[in-house]
Undergrad: 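The structure's right below; bear with me while I get my questions together.
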Amino acid sequence: MGTALDEEAEGGTDVIRAYKFLLRPTVRQRQALGEMLRDHCSLYNGALQERRDAYRHASKTSIKYGQQSAQLKEIRAFDPERQGRWSFSSQQATLRRLDKAFQAFFRRVKAGKKPGCPRFRGAMWFDTVEFPKDGDGCRWDSTGHDPVTRVRLQGVGHVRVHQHRPVKGRVKTVRRLKAPLVY
């Protein structure tokens, strides 16, 4: 399942709409989408482990999003078959997701509430990959000459989308959500 978010100015204010459309991938595309989720999950868990190790060290150092994002180029060069084939900006969004979880954790600690430290995600629990900008790793309605709507995802290809209603405005963000298998 995919989500398209668009922004449109109406009367001087921005309106953000979210649409959910069912993806209709081929067998190979379904396999590539599963690999994308697994690799982003691995990136998330690796970044989480790095943050935990740094904090447990005697110096009690903390690692922020900027430091982990700067390491992404080296990670992609070291592992081109897995991490190197996905969109750089989608991987940054995954690291931002982890950073947001840590910010919420520290906010709850400071407020004296039950903190709930960010957890490692298993393959079944990591279900979203975000492409924060249309045209950067993904392209909505990528084949203008084709009457069928398709979204192009880097490393996957042109995936058919069951677009049951028109999208008003311009698509800004695309998220790939894991949907249950339909037979």
Side-chain angles (χ1 to χ4, degrees), residues 1-10 13-48 69 72-73 75-101 120-183:
M1 182 173 304
T3 302
L5 299 175
D6 70 7
E7 296 181 15
E8 178 180 290
E10 287 184 7
T13 61
D14 288 338
V15 177
I16 298 176
R17 293 184 182 89
Y19 300 89
K20 285 188 179 183
F21 298 113
L22 190 62
L23 297 178
R24 303 280 190 190
T26 64
V27 173
R28 286 188 183 185
Q29 289 172 339
R30 184 181 301 268
Q31 180 184 5
L33 288 168
E35 290 171 7
M36 180 186 354
L37 279 173
R38 281 190 297 279
D39 292 343
H40 277 76
C41 179
S42 173
L43 177 68
Y44 181 93
N45 288 336
L48 175 58
S69 181
L72 206 49
K73 186 176 180 181
I75 293 169
R76 292 167 57 87
F78 179 74
D79 191 9
E81 291 85 30
R82 290 187 60 204
Q83 297 296 339
R85 65 181 171 164
W86 310 119
S87 165
F88 193 83
S89 59
S90 70
Q91 291 174 323
Q92 286 178 319
T94 299
L95 293 176
R96 263 188 240 103
R97 177 178 169 182
L98 176 64
D99 192 55
K100 188 176 176 183
F120 292 100
R121 299 287 175 203
M124 297 303 293
W125 293 103
F126 193 89
D127 61 359
T128 304
V129 174
E130 181 176 335
F131 295 89
K133 184 177 175 190
D134 185 42
D136 190 9
C138 75
R139 170 68 65 192
W140 181 257
D141 203 9
S142 56
T143 55
H145 62 280
D146 192 357
V148 176
T149 302
R150 296 180 190 274
V151 62
R152 186 191 67 74
L153 301 172
Q154 182 177 331
V156 178
H158 297 273
V159 181
R160 197 167 51 115
V161 177
H162 180 74
Q163 186 176 349
H164 59 278
R165 62 182 177 165
V167 174
K168 293 181 182 178
R170 191 169 70 91
V171 173
K172 298 265 188 157
T173 303
V174 175
R175 285 190 189 107
R176 193 283 182 184
L177 306 169
K178 185 192 302 187
L181 296 176
V182 179
Y183 294 99

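Nothing fancy with the numbering, it's 1 onward along the sequence.
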Undergrad: Drop me the distance from Arg24's CZ to Gln29's CD, to the nearest 0.5 angstrom.
TA: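 Answer rounded to 0.5 Å: 13.0 Å.
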
Undergrad: When you compare the side chain of His162 with that of Arg160, does any pair of heavy atoms fall below 4.5 Å?
TA: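 No, too far: nothing below the 4.5 Å cut-off.
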
Undergrad: So how far is it from Gln154 CD to Cys138 SG, rounded to the nearest 0.5 Å?
TA: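 One finds 9.5 Å between CD of Gln154 and SG of Cys138.
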
Undergrad: Which atom pair, heavy atoms only, marks the closest approach of Cys41 to Ala123?
TA: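 Nearest heavy atoms, Cys41 then Ala123: SG-N, 4.4 Å.
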
Undergrad: What is the minimum heavy-atom distance between Arg97 and Thr128, and which atoms define it?
TA: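 Residues Arg97 and Thr128, closest heavy atoms: NH1-O, 3.0 Å.
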
Undergrad: Measure centre to centre between the rings of Trp140 and Phe21, then say whether the value is under 6.0 Å.
TA: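 Between Phe21 and Trp140, which both carry aromatic rings, the centre distance is below 6.0 Å.
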
Undergrad: Which residue, Thr173, Leu153, Val151, forms the side chain to side chain contact (heavy atoms under 4.5 Å, CB included) with Phe131?
TA: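 By the side chain to side chain contact (heavy atoms under 4.5 Å, CB included) criterion, Phe131 pairs with just one of Thr173, Leu153, Val151: Leu153.
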
Undergrad: Cation-pi check, Arg76 to Phe88: give yes when NZ or CZ is under 6.0 Å from the six-membered ring centre and within 45° of the ring axis, no otherwise.
TA: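 No, Arg76 does not sit over the ring of Phe88.
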
Undergrad: Return the CG to CH2 distance between Leu37 and Trp86, rounded to the nearest 0.5 Å.
TA: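 If I round to the nearest 0.5 Å, the distance is 9.0 Å.
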
Undergrad: Which distance, rounded to the nearest 0.5 Å, do you find between the CD of Gln91 and the CG of Leu72?
TA: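 Spacing of CD (Gln91) from CG (Leu72) equals 5.0 Å.
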
Undergrad: Please walk me through it: do Asp141 and Gln163 pass side chain to side chain contact (heavy atoms under 4.5 Å, CB included)?
TA: CA-CA 10 Å; Asp141 203 9; Gln163 186 176 349; 5.6 Å; no

Undergrad: Assess whether salt bridge (charged side-chain N to carboxylate O under 4.0 Å, His left out) is satisfied between Arg85 and Glu35, documenting all intermediate values.
TA: CA-CA 11 Å; Arg85 65 181 171 164; Glu35 290 171 7; 2.5 Å; yes

Undergrad: Residues two or more places apart in sequence or in another chain: which of them pass salt bridge (Lys or Arg N to Asp or Glu O under 4.0 Å) with Arg96?
TA: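 Once residues adjacent in sequence are excluded, Arg96 has no partner under the salt bridge (Lys or Arg N to Asp or Glu O under 4.0 Å) criterion.
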
Undergrad: Indicate yes or no: at least one non-hydrogen side-chain atom of Phe126 is less than 4.5 angstrom from one of Thr94.
TA: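 Side-chain contact under 4.5 Å: yes.
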
Undergrad: Checking the side chain of Gln92 only, and the main-chain atoms of Ser69 only, is there a donor and an acceptor separated by less than 3.5 Å?
TA: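 Not confirmed, Gln92 side chain does not pair with Ser69 backbone.
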
Undergrad: Heavy atoms, side chains only, cut-off 4.5 Å: are Ser42 and Arg82 in contact?
TA: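 The answer is yes; the side chains approach within 4.5 Å.
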
Undergrad: Just to verify, what does Asp99 make a side-chain contact (heavy atoms from CB on, under 4.5 Å) with, not counting sequence neighbours?
TA: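 Listed in chain order: Arg51, Tyr65, Gln103.
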
Undergrad: Around atom CZ of Phe120, are there more than 12 heavy atoms from other residues, nucleotides or ligands closer than 6.0 Å?
TA: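 Yes.
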
Undergrad: Just wondering, more than 12 heavy atoms not from Arg165 lying within 6.0 Å of its CZ?
TA: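 More than 12 within 6.0 Å, yes.
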
Undergrad: Between atom NE2 of His40 and atom CD of Glu130, what is the distance when rounded to the nearest 0.5 Å?
TA: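 Rounded to the nearest 0.5 Å, the NE2-CD separation comes to 10.0 Å.
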
Undergrad: Should Leu33 and Val129 be marked as a side chain to side chain contact (heavy atoms under 4.5 Å, CB included) after you check the CA-CA gap, both sets of side-chain angles, and the distance that decides it?
TA: CA-CA 10 Å; Leu33 288 168; Val129 174; over 6 Å; no

Undergrad: Can you see which heavy atom on Ala77 is nearest to which on Pro80, and at what distance?
TA: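 That would be O-CD, 3.5 Å.
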
Undergrad: Given the rule in the salt bridge (charged side-chain N to carboxylate O under 4.0 Å, His left out) test, do Arg139 and Asp134 qualify, once you have shown the distances and angles that lead to the verdict?
TA: CA-CA 5 Å; Arg139 170 68 65 192; Asp134 185 42; 3.5 Å; yes

Undergrad: Rounded to the nearest 0.5 Å, what separation is found between the OG1 atom of Thr149 and the CG atom of Leu23?
TA: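 Thr149 OG1 to Leu23 CG: 11.5 Å, rounded to 0.5 Å.
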
Undergrad: Can you name the residues that form a side-chain contact (heavy atoms from CB on, under 4.5 Å) with Ala32, not counting sequence neighbours?
TA: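 For Ala32, the residues satisfying side-chain contact (heavy atoms from CB on, under 4.5 Å) (neighbours in sequence not counted) are Val156.
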
Undergrad: Of all the heavy-atom pairs spanning Pro166 and Tyr19, show the shortest one and how long it is.
TA: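 Between these two residues, the closest heavy atoms are O-CE2, 3.8 Å.
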
